[in-house]
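Quick notes on the structure that follows.
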Amino acid sequence: MTTPAAAAVSLSADEARRIALRAQGFLGAPDRRAGVRGVLRHLGAVQLDTISVLARSHELVPYARLGAVGRGAVEAAYWSEGHAFEYWSHAACILPMEEWPHFAFRRRANRARGHRWHILADQDRSTRAVRDRLRAEGPLTSTGLGGAKNGGEWFQWSETKIAVEWLLDIGEVVCTERRSWKRVYDLAERAVPDALFHDGLDDRECLRRLVALAGQSLGVGTRADIADYHRLKGEQVDAVIADSGLVPVEVEGWGRPAWADPAALATVPRGRHRTTLLSPFDSLVWDRARTERVFGFTHRLEAYVPKAQRIHGYFAMPLLAGGRLRGRVDPAREGATLVARQLSLASPGDARHMAAALREAAEWVGCDAVRVERAASPQEAAAVTAELAAL
């Protein structure tokens, strides 16, 4: 890293990549004592998604960093003792409870809009009924509140479901747990600690803190990278970045202004690289433009692409090895066998990395065998199969 006089810090593309890896928890020894909760605090947001192949995405995120932590322990770490809540960040995300005040700007904006995309026939009556039930009975799912659907098409929510989601949007209700994938709602005044619940940050301070946190979680990023982390607008980033504590940098090959966490610049990133499969919703790769810029790796989720048009498979998971993205695999489970329905490698030498990642993932989800069904070439399939046999 060089620092010419009167100029931004200059980073090579490789330095920026390593800074990003360390910031995301993939370079150096993981903090096992902090565990899953430490991963969540470090990342600032863990995306939720309904798709479950090996496991749900929010389980895959700590697994990718810590290794085979028990899946029950992952859920308990997120959803017990009031350590986290669910809200709209990069998408629907698990967030550390201490970030509750930072999203006051979004809750206020929702309230000012007056409704979500579903409009209640009688908002006052419906929301009052939800508040009264939660106050009297404690945390409830939408089913416990009276049902999520109105009896019509699957996407048509009941008045109760619309009401409780509206109260969540504006911060009167909070989700601090998922049970069988259903949100459990509680009154925010009861579930959020007083010191956080009553913290009335103005919009600018909310944005300043989120920009600073995004910079720390990314290590280094462009305006678009930083904005995307918590789905801010570019002009919101512009308004506060000078006061965020982030340092302007120039990154080789990026061709646009960037900012870095000063702590990330203070020491050279060194340490052990993790070899693992990544959820497509992992914050290391959830921004496709950044993934291509940092890793030279083009990736997209094909779950919503018609099957005949898929190139890499339904839930293709990138392979991280040696600090680079070295391939991808679309996994499935058949009984006690993990099946690589389709895989591809960046080079023949990556067969051993793919085999190691598949074997570890299989053991984590309780499979005792791995089978390669299809690969980008017969040679790749044979190479990974041979490496698996040698493990």
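Source: prediction; values computed, not measured. Along the sequence shown, residues carry numbers from 1.
For the salt bridge (charged side-chain N to carboxylate O under 4.0 Å, His left out) test with Asp203, the passing option among Arg209, Lys233, Arg108 is Arg108; the others fail.
Looking at heavy atoms from C-beta onward, Pro280 lies in side-chain contact with Phe315 at the 4.5 angstrom threshold. Contact of the Tyr314 side chain with the Val305 side chain is not registered, since no non-hydrogen atoms from C-beta on lie closer than 4.5 Å. Counting heavy atoms from C-beta outward, Asp186 and Val184 have side chains that stay 4.5 Å or more apart. At least one side-chain heavy atom of Trp181 sits less than 4.5 Å from a side-chain heavy atom of Arg56. Contact annotation: the side chain of Arg65 approaches that of Phe26 to within less than 4.5 Å [non-hydrogen atoms, C-beta and beyond]. Proximity of Glu172 to Arg111: side-chain heavy atoms (C-beta onward) are separated by under 4.5 Å at one or more points. Taking 4.5 Å as the limit, every side-chain heavy atom of His299 sits out of range of all side-chain heavy atoms of His312. With a 4.5 Å cut-off on side-chain heavy atoms, Pro348 and Gln379 do not count as touching.
Judged by the 6.0 Å distance and 45° axis criteria, Arg107 is positioned over the aromatic ring of Trp100. Geometrically, Arg274 engages Tyr63 in a cation-pi contact, judged by NZ or CZ lying under 6.0 Å from the ring centre and within 45° of the ring axis.
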Between Ser279 and Asp282, is a side-chain hydrogen bond (donor to acceptor under 3.5 Å, both in side chains) present by the stated rule, with each step listed? CA-CA 5 Å; Ser279 163; Asp282 193 294; over 6 Å; no
Working note: Asp261 + Val220, criterion side-chain contact (heavy atoms from CB on, under 4.5 Å); need CA distance, chi angles, decisive distance, verdict. CA-CA 6 Å; Asp261 173 19; Val220 57; over 6 Å; no
Between Leu246 and Ile226, does the side-chain contact (heavy atoms from CB on, under 4.5 Å) criterion hold? Intermediate values first, please. CA-CA 11 Å; Leu246 301 180; Ile226 293 167; 4.0 Å; yes
Hey, mind stepping through Arg341 and Asp330 against salt bridge (Lys or Arg N to Asp or Glu O under 4.0 Å) and telling me if it holds? CA-CA 6 Å; Arg341 293 189 294 191; Asp330 182 30; 3.3 Å; yes
Evaluate Arg106 against Asp169 for salt bridge (Lys or Arg N to Asp or Glu O under 4.0 Å), listing each step before the verdict. CA-CA 8 Å; Arg106 190 159 285 163; Asp169 286 351; over 6 Å; no
Derivation and outcome, side-chain contact (heavy atoms from CB on, under 4.5 Å), residues Ile94 and Leu40: CA-CA 8 Å; Ile94 304 171; Leu40 176 61; 3.9 Å; yes
Kindly indicate, with the supporting measurements, whether the criterion salt bridge (Lys or Arg N to Asp or Glu O under 4.0 Å) is fulfilled by Arg324 and Asp14. CA-CA 10 Å; Arg324 299 182 184 276; Asp14 187 64; 3.4 Å; yes
side-chain hydrogen bond (donor to acceptor under 3.5 Å, both in side chains) evaluation trace for Gln47 with Ser57: CA-CA 7 Å; Gln47 185 172 341; Ser57 186; over 6 Å; no
Evaluate the side-chain contact (heavy atoms from CB on, under 4.5 Å) criterion for residues Trp364 and Leu60: first the C-alpha distance (whole Å), next the side-chain angles of each, then the deciding distance (0.1 Å), finally the verdict. CA-CA 10 Å; Trp364 179 55; Leu60 292 167; 3.6 Å; yes
Go through Arg328 and Glu302 one step at a time and tell me if the salt bridge (Lys or Arg N to Asp or Glu O under 4.0 Å) criterion holds. CA-CA 12 Å; Arg328 69 197 94 205; Glu302 295 180 341; over 6 Å; no
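In this structure a side-chain-to-backbone donor-acceptor pair under 3.5 Å is missing from Ser89 to Ala91. With Arg17 contributing its side chain and Gly323 its backbone, the two residues share a donor-acceptor pair below 3.5 Å. Asp31 places a side-chain N or O within donor-acceptor distance of the main-chain N or O of Ala34, the cut-off being under 3.5 Å. Distance alone, capped at 3.5 Å, places no donor-acceptor pair between the Glu205 side chain and the Asp202 backbone. The backbone N or O of Leu140 lies less than 3.5 Å from no partner atom in the side chain of Arg183, so there is not a single donor-acceptor pair. Judged by distance alone, with hydrogens and angles left aside, the side-chain atoms of Gln342 form a donor-acceptor pair with the main-chain N or O of Ile311 at under 3.5 Å. Within the 3.5 Å criterion, the main-chain N or O of Ala129 finds no donor-acceptor partner in the side chain of Asp132. For Arg128 (side chain) and Ser126 (main-chain N/O), no donor-acceptor pair under 3.5 Å exists by modelled atom type. In this structure, the side chain of Arg326 does not engage the main chain of Ala351 through any donor-acceptor pair within 3.5 Å. In this structure, Asp228 contributes its side chain and Arg231 its backbone to no donor-acceptor pair below 3.5 Å.
Using modelled atom types and a 3.5 Å distance limit, the side chains of Thr141 and Arg178 yield no donor-acceptor pair. When only modelled atom types and interatomic distance are considered, Asp225 and Thr222 share a side-chain donor-acceptor pair under 3.5 Å. Neither side chain, Glu387 nor His353, offers a donor N or O lying under 3.5 Å from an acceptor on the other. Using modelled atom types, one finds a donor on one side chain and an acceptor on the other under 3.5 Å when comparing Arg37 with Ser80. For the residue pair Glu177 / Tyr185, no side-chain donor-acceptor distance below 3.5 Å is found, with atom types taken as modelled. Under the 3.5 Å distance criterion, with hydrogens and angles disregarded, no donor-acceptor pair is assigned to the side chains of Ser142 and Lys182. No side-chain donor-acceptor contact under 3.5 Å links Ser344 and Glu380.
A 6.0 Å sphere centred on CZ of Arg113 holds more than 12 heavy atoms belonging to other residues, nucleotides or ligands. Crowding of Arg352 atom CZ: a count of heavy atoms from other residues, nucleotides or ligands under 6.0 Å not exceeding 12.
Ion pairing between Asp238 and Arg223 holds under the 4.0 Å rule for side-chain N and carboxylate O. Comment: Arg290 does not engage Glu292 in a salt bridge, judged by the lack of any side-chain N to carboxylate O separation of less than 4.0 angstrom. For Glu75 and Arg71, the salt-bridge test fails: no basic side-chain N is under 4.0 Å from an acidic carboxylate O.
Residues Tyr87 and Leu201 do not share a hydrophobic cluster, defined by chaining ILVMFWY side chains whose heavy atoms lie under 4.5 Å apart. Hydrophobic clustering (side-chain heavy atoms under 4.5 Å, transitive across Ile, Leu, Val, Met, Phe, Trp, Tyr) groups Val74 together with Met97. Cluster membership check: Leu95 shares its hydrophobic cluster with Val211, using side-chain heavy-atom separations under 4.5 Å among Ile, Leu, Val, Met, Phe, Trp and Tyr. At a threshold of 4.5 Å between side-chain heavy atoms, the hydrophobic network of Ile, Leu, Val, Met, Phe, Trp and Tyr places Leu265 and Leu27 in one connected group. A chain of hydrophobic side-chain contacts below 4.5 Å, direct or via other Ile, Leu, Val, Met, Phe, Trp or Tyr residues, connects Ile241 to Leu210.
For His42, there are no side-chain hydrogen bond (donor to acceptor under 3.5 Å, both in side chains) partners at least two apart in sequence or on another chain.
Residues Tyr78 and His83 place their aromatic rings such that the two centres sit no closer than 6.0 Å. The six-membered or imidazole ring of Tyr229 lies near that of Trp286, with a centre-to-centre distance under 6.0 Å. Separation of the His230 and Phe103 ring centroids falls under the 6.0 Å cut-off.
One finds the OG atom of Ser217 at 12.5 Å from the CZ atom of Arg41 (value rounded to the nearest 0.5 Å).
Of all heavy-atom pairs spanning Arg190 and Leu134, the tightest one is NH2-O, 2.7 Å. Taking all atoms of both residues into account, the shortest heavy-atom contact from Pro62 to Val39 is CA-CG1, 4.4 Å.
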